[in-house]
Amino acid sequence: MKIAVVILNWNGAQLLEQFLPSIIQYSKEAKIYVADNASTDNSIDVIKSHFPTISIIQNQGNYGFAKGYNTALQQVEEPYYALVNSDIEVTENWLNPIQNLFETHPEIAIIQPKILDYKNKALFEYAGAAGGFIDQYGYPYCRGRIFDSLEKDLGQYNDEQTIFWASGACFFIRKEVYRELKGFDDDFFAHQEEIDLCWRAFNKGMKIHYTPLSTVYHVGGATLKEGNPKKTYLNFRNSLLMLLKNLPSNQLFPIIFTRLALDGLAGVQFIIKGKFKHCLAIIHAHFSFYSLINSNLKKRDTLQQTNYFRKKSIVYYYFVKNGKVFE
């Protein structure tokens with residue numbers, strides 16, 4: 001077996017009971033692992049009693065998404081990794097197109113399938129949709145999703161496509177690429193670590209690819225709800241860290257300074273909406289970013305590509321030009 005399907009779990013016993021059956025049913029050509037981040041519920045008992053064919057990797061703490069996978073994948077030797085959220089429903093033949101792409105296109109390092117909304121299967125799903133891009137200021141968006149606007153899947157993205165980032169909800173990567181890039185950045189804990197990894201791959205000339213021939217359905221927000229201030233904190237902090245590590249040197253200061261100012265406007269917007277905890281989360285994110293500047297400057301590669309963005313400002317396109325559709 002060439003593919004390892006690795007599902008990271010933390011206190012997700014109910015999700016495992018609900019979604020593991022589809023993965024087992026449609027993944028005969030793969031070895032399936034659950035990497036458990038020291039769950040305190042009955043996740044391990046559920047796997048052992050209901051899904052005895054699955055291999056269990058037990059991490060010693062709740063390491064989050066980044067370190068959780070980094071630790072677990074040290075024990076996984078299949079040549080292709082499929083990193084799958086515990087709230088993903090897969091479909092028949094979801095793995096064959098991925099393996100075929102890896103074996104026939106050696107330049108492809110990372111692949112994302114089509115990700116649709118489990119709750120409304122006619123829509124693309126927020127976390128990845130039909131492949132991701134970022135603007136000049138590090139704001140991510142997708143084919144099929146810009147900010148909170150989701151498109152219907154009408155076949156408009158049924159094309160093989162080079163993308164900038166692949167969603168961590170269902171993320172395929174060659175083992176040797178993952179290890180060459182030293183995996184996800186532990187500092188991120190969770191959120192945007194996959195974009196950072198893809199950007200580092202892009203800076204090394206590697207290709208990130210989207211295929212519509214593989215489809216999965218994602219619940220989204222099953223571990224950390226959208227309204228949780230911790231999610232706001234992680235997204236704002238990690239976006240700044242990602243820019244610090246990957247921007248070309250001549251763009252580093254002006255873009256980060258602009259982004260800090262835009263974050264301030266976002267904080268004001270939260271105050272106007274009465275979401276004071278989210279405003280505090282942005283302030284906390286900035287101070288955490290400042291404390292990590294020196295250590296993350298040392299992580300910069302010797303070469304940063306300049307053609308990383310397609311739109312200069314997705315914020316302007318969306319809020320000023322009313323651009324709700326990718327193209």
Sorted by chain and residue number, the salt bridge (charged side-chain N to carboxylate O under 4.0 Å, His left out) partners of Arg310 (sequence neighbours excluded) come out as Glu327
Applying salt bridge (Lys or Arg N to Asp or Glu O under 4.0 Å), which residue pairs with at least one partner in residues 114-132 are found, sequence neighbours left out? Glu89-Lys121, Lys114-Asp153, Asp117-Lys119
What residues, two or more places apart in sequence or in another chain, satisfy salt bridge (charged side-chain N to carboxylate O under 4.0 Å, His left out) together with Asp263? Arg259
For Trp165, which residues count as a ring pair (Phe, Tyr, Trp, His ring centres under 6.0 Å) partner, sequence neighbours excluded? none
Any donor-acceptor pair under 3.5 Å linking the side-chain atoms of Glu29 with those of Gln99? no
For Phe102, what residues pass the ring pair (Phe, Tyr, Trp, His ring centres under 6.0 Å) criterion, not counting sequence neighbours? Tyr80
Main-chain N/O of Ser288 paired with Ser291 side-chain donor or acceptor, under 3.5 Å: yes
Keeping the roles fixed (side chain from Glu193, backbone from Ala66), state whether a donor-acceptor pair exists under 3.5 Å. no
Side-chain donor/acceptor of Ser49 to backbone N/O of Asp45, under 3.5 Å: yes
Taking the six-membered ring for Trp, are Tyr178 and Tyr69 closer than 6.0 Å centroid to centroid? no
Can you tell me if Arg143 uses its side chain to pair, donor with acceptor, with the backbone of Ala130 under 3.5 Å? yes
Quick one: do Lys67 and Asn70 satisfy side chain to side chain donor-acceptor pair (under 3.5 Å)? Show the steps, please. CA-CA 5 Å; Lys67 187 177 178 180; Asn70 288 345; over 6 Å; no
Inspect the surroundings of CD in Gln60 and state if more than 12 heavy atoms from other residues, nucleotides or ligands are less than 6.0 Å away. no
Can you check whether Trp94 and Tyr217 have ring centres sitting under 6.0 Å from each other? no
Working to the nearest 0.5 Å, report the span between CG of Leu243 and CD of Gln136. 10.0 Å
Does the side chain of Ile134 come within less than 4.5 Å of Tyr139's, by heavy atoms? no
Taking the six-membered ring of Tyr317, is NZ or CZ of Lys311 closer than 6.0 Å to its centre and within 45° of its axis? yes
Does the side chain of Asn85 come within less than 4.5 Å of Phe65's, by heavy atoms? yes
Test of understanding: clusters of I, L, V, M, F, W, Y form through side-chain heavy atoms closer than 4.5 Å, transitively. Do Ile255 and Leu265 belong to the same one? yes
Enumerate the residue pairs fulfilling side chain to side chain donor-acceptor pair (under 3.5 Å) with a member in residues 12-21, sequence neighbours excluded, ordered by first and then second residue. Gln18-Tyr118
Out of Tyr137, Trp199, Phe133, which residue meets the ring-ring contact (aromatic ring centres under 6.0 Å, His included) rule with Tyr308? Trp199
Are Phe189 and Lys230 packed together at the side-chain level, in the sense that at least one heavy-atom pair is separated by less than 4.5 angstrom? yes
Assess, by modelled atom type and distance only, whether the side chains of Asn59 and Asn37 contain a donor and an acceptor separated by less than 3.5 Å. yes
Run the side-chain contact (heavy atoms from CB on, under 4.5 Å) test against Asn307 and tell me which residues pass, sequence neighbours left out. Phe202, Gln305
Which residues satisfy the side-chain contact (heavy atoms from CB on, under 4.5 Å) test with Ala285, sequence neighbours excluded? Tyr233, Phe236, Arg237
Run the salt bridge (charged side-chain N to carboxylate O under 4.0 Å, His left out) test against Lys175 and tell me which residues pass, sequence neighbours left out. Glu77
Does Phe147 have any ring pair (Phe, Tyr, Trp, His ring centres under 6.0 Å) partners at least two apart in sequence or in another chain, and if so, which? Tyr318, Phe319
side-chain contact (heavy atoms from CB on, under 4.5 Å) against Lys31, all qualifying residues, sequence neighbours excluded: Met1, Tyr33, Ser55, Glu78
In terms of side-chain heavy atoms, does Glu160 have a donor or acceptor partner in His209 at a distance below 3.5 Å? yes
Under the 3.5 angstrom rule, does the side chain of Arg145 hit a backbone N or O of Gly131 as a donor-acceptor pair? no
My understanding is that only residues two or more places apart in sequence, or in another chain, count here; which of them pass side-chain contact (heavy atoms from CB on, under 4.5 Å) with Ser43? Asn9, Ala13, Leu16, Asp36, Ser39, Asp41
Would you kindly say whether Asn228 and Lys231 are connected by a side-chain donor-acceptor distance under 3.5 Å? no
Could you tell me if Asp196 and Asn238 have a donor-acceptor pair between their side chains, going purely by distance under 3.5 Å? no
If you count heavy atoms of other groups shown closer than 6.0 angstrom to NZ of Lys324, is the number above 12? yes
Do Lys204 and Glu180 have side-chain heavy atoms sitting under 4.5 Å apart? yes
Show the numbers, then the answer: is there a side chain to side chain contact (heavy atoms under 4.5 Å, CB included) between Leu116 and Leu123? CA-CA 6 Å; Leu116 299 178; Leu123 296 178; over 6 Å; no
Below 6.0 angstrom between ring centroids: does that apply to Tyr210 and Tyr157? no
For the pair Asp185 (side chain) and Asp187 (backbone), establish whether a donor and an acceptor sit closer than 3.5 Å, ignoring hydrogens and angles. yes
Side chains of Leu213 and Thr211: closer than 4.5 Å at any heavy-atom pair? yes
Minimum side-chain heavy-atom gap Leu95-Ser27 below 4.5 Å: yes
